[in-house]
Amino acid sequence: GEVSIRSREKRKLRKEVEFELNPARCGNCINFIPPKMGLPNKRIFKPAHCSIHDFDVKKTSICNYWEGKKGEVLQE
C-alpha cells in the first residue's frame, strides 16, 4: 500500500544523501565515559569525558581518535 511506497521512497532518499543513522561521535566511542552523579545528599558530579584525553565532552562531539565498539576507526 501507500505506507510501503513511502517507506521505500524514504530508504531511497537516505541512500541518495548518504544518511547515517548512527554516525561516529563521542556518545558511541569506546573511550566515552558518561556523566556520573554522586550520592543524593552530596553535590558530586563528574561530566561526560574522554578516557584518552581526560577532558569533558558532549555525546555529539567528535575527534580524530574515535573508535567504535567493534574496533572501527575514522579514515585517515
Side-chain angles (χ1 to χ4, degrees):
E2 188 175 323
V3 174
S4 63
I5 292 171
R6 283 187 192 165
S7 295
R8 275 184 280 174
E9 289 172 352
K10 286 181 183 180
R11 280 194 302 269
K12 182 181 175 190
L13 180 58
R14 284 184 179 134
K15 189 174 182 176
E16 287 174 9
V17 300
E18 297 182 22
F19 174 79
E20 290 186 50
L21 183 61
N22 195 20
R25 61 185 183 274
C26 288
N28 59 16
C29 178
I30 63 167
N31 301 301
F32 177 77
I33 299 176
K36 295 184 179 161
M37 300 295 284
L39 298 171
N41 58 347
K42 298 194 178 183
R43 294 183 179 257
I44 300 170
F45 173 77
K46 178 145 176 111
H49 65 283
C50 174
S51 67
I52 292 177
H53 305 296
D54 198 31
F55 55 69
D56 297 351
V57 297
K58 294 184 179 184
K59 290 172 80 171
T60 55
S61 304
I62 185 66
C63 82
N64 292 333
Y65 293 89
W66 178 88
E67 186 176 347
K69 308 233 186 290
K70 297 178 183 175
E72 319 93 281
V73 294
L74 296 175
Q75 294 177 350
E76 294 184 16

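Worth saying up front: this structure is predicted, and the values here are computed from it rather than measured. Residues: numbered from 1 along the sequence shown.
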Tell me, yes or no, whether the heavy-atom count around Tyr65 atom OH, taken from other residues, nucleotides or ligands under 6.0 Å, exceeds 12. no

Which pair of heavy atoms, one from Ile30 and one from Gly68, lies closest together, and at what distance? CG2-O, 3.3 Å

Could you pull out all residues at least two apart from Cys50 that satisfy side chain to side chain contact (heavy atoms under 4.5 Å, CB included)? Asn31, Ile52, His53, Val57

One should read off an interatomic distance between His49 NE2 and Phe55 CZ, to the nearest 0.5 angstrom, of 11.0 Å

Taking all atoms of both residues into account, what is the closest heavy-atom pair of Glu72 and Lys70, and its distance? OE1-N, 2.8 Å

With sequence neighbours left out, the residues meeting side chain to side chain contact (heavy atoms under 4.5 Å, CB included) with Lys59 are Phe32

Shortest non-hydrogen contact from Leu74 toward Cys63: CD1-O, 3.4 Å

Do other residues, nucleotides or ligands put more than 12 heavy atoms under 6.0 Å from the NZ atom of Lys69? yes

Looking only at non-hydrogen atoms, find the nearest pair between Asn28 and Pro23 and report the distance. ND2-O, 3.0 Å

Show your reasoning for whether side-chain contact (heavy atoms from CB on, under 4.5 Å) applies to Lys12 and Arg8. CA-CA 6 Å; Lys12 182 181 175 190; Arg8 275 184 280 174; over 6 Å; no

Those residues at least two apart in sequence (or on a different chain) that pass side chain to side chain contact (heavy atoms under 4.5 Å, CB included) with Asn64 are none

